Amino acid sequence: MVLVRGLLGDVLRRKRLRQGRTLREVSADARVSLGYLSEVERGQKEASSELLAAICMALEVPLSTVFAEVSEDLAREEALVLAHPTTIEAEVVASAA
C-alpha cells in the first residue's frame with residue numbers, strides 16, 4: 001500500500017531542500033510548528049488543506065505543482081506494486097511500521 005502522506009512529505013522536503021532552506025525557516029514563514037512540519041515531511045502526519053496551502057506559500061510553490069509531483073510519484077509507486085505485488089507490498093508495510 002502506498003501512503004499519499006509519505007509521498008506528499010517527500011515532495012515538500014525536496015522542494016525545501018532545493019531552495020536550500022531549513023525546516024525552521026519554512027515553519028516560521030508558514031506559521032506552522034517546526035515539529036509538525038517535520039512530521040508532515042516524514043509522512044507521519046496528514047496535513048490539512050489549509051496547512052498545505054501555508055507550506056506551499058512559504059515555499060513559493062503552487063499547491064497544484066506539489067499535487068502534480070505527488071501524482072507522478074504515486075503513479076510510479078503503483079506501477080511498481082502492480083509489477084511485483086507481494087515483494088513491494090511487504091517492503092512498504094515493513095517501512096511504514
Side-chain angles (χ1 to χ4, degrees):
M1 170 185 356
V2 180
L3 297 177
V4 174
R5 71 176 183 241
L7 298 175
L8 179 60
D10 290 342
V11 170
L12 292 172
R13 183 182 310 109
R14 282 195 309 259
K15 296 284 185 199
R16 178 178 61 77
L17 292 175
R18 282 187 198 135
Q19 294 177 9
R21 297 181 66 196
T22 65
L23 273 170
R24 186 171 308 283
E25 292 168 338
V26 175
S27 71
D29 289 348
R31 297 177 189 206
V32 174
S33 78
L34 177 67
Y36 197 82
L37 179 57
S38 175
E39 288 178 314
V40 168
E41 281 194 2
R42 288 181 281 136
Q44 295 178 335
K45 293 286 184 185
E46 297 271 355
S48 69
S49 57
E50 292 88 356
L51 180 70
L52 289 175
I55 295 168
C56 288
M57 285 188 66
L59 291 170
E60 298 180 356
V61 175
L63 183 56
S64 60
T65 299
V66 170
F67 281 150
E69 285 189 37
V70 169
S71 179
E72 291 169 8
D73 292 351
L74 180 59
R76 270 193 298 278
E77 293 290 327
E78 286 177 330
L80 287 173
V81 169
L82 291 174
H84 308 286
T86 54
T87 305
I88 300 297
E89 281 287 320
E91 290 175 9
V92 170
V93 169
S95 69

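Please read all numbers here as calculations on a predicted model, not as lab measurements.
Scanning both residues, V70 and V11, for their nearest heavy atoms gives CG2-CG2, 3.7 Å. The two residues S27 and L37 make their nearest non-hydrogen contact at N-CD2, 3.6 Å. The two residues L59 and Q19 come nearest to each other via the heavy atoms O-NE2, 2.6 Å.
Interatomic distance, C56 SG to L12 CG, rounded to the nearest 0.5 Å: 6.0 Å. Here the straight-line distance linking atom CG of L3 with atom CG of D10 works out to 11.0 Å at 0.5 Å rounding. Considering CG of L23 and CD of E25, their distance stands at 9.5 Å, rounded to 0.5 Å.
Two residues are said to be in side-chain contact when any heavy atoms from C-beta on lie closer than 4.5 Å; R21 and D29 meet this criterion. R13 is listed as a side-chain neighbour of R42, based on a closest heavy-atom distance under 4.5 Å. Side chains of L8 and L52 form a contact here, defined as non-hydrogen atoms less than 4.5 Å apart.
For R31, the salt bridge (Lys or Arg N to Asp or Glu O under 4.0 Å) test picks out no residue, with sequence neighbours left out. For R14, the salt bridge (Lys or Arg N to Asp or Glu O under 4.0 Å) test picks out E69, D73, with sequence neighbours left out. R16 is linked by a salt bridge (Lys or Arg N to Asp or Glu O under 4.0 Å) to E41, counting only residues two or more places apart in sequence or in another chain.
Hydrophobic clustering places L34 together with L51 (ILVMFWY residues linked when any side-chain heavy atoms are closer than 4.5 Å, directly or through intermediates). One hydrophobic cluster, built from ILVMFWY side chains closer than 4.5 Å, holds both L63 and V26.
For the pair R5 (side chain) and G43 (backbone), a donor-acceptor distance under 3.5 Å is present.
For R24, the CZ atom counts as loosely surrounded, since its 6.0 Å shell holds 12 or fewer non-hydrogen atoms of other residues, nucleotides or ligands.
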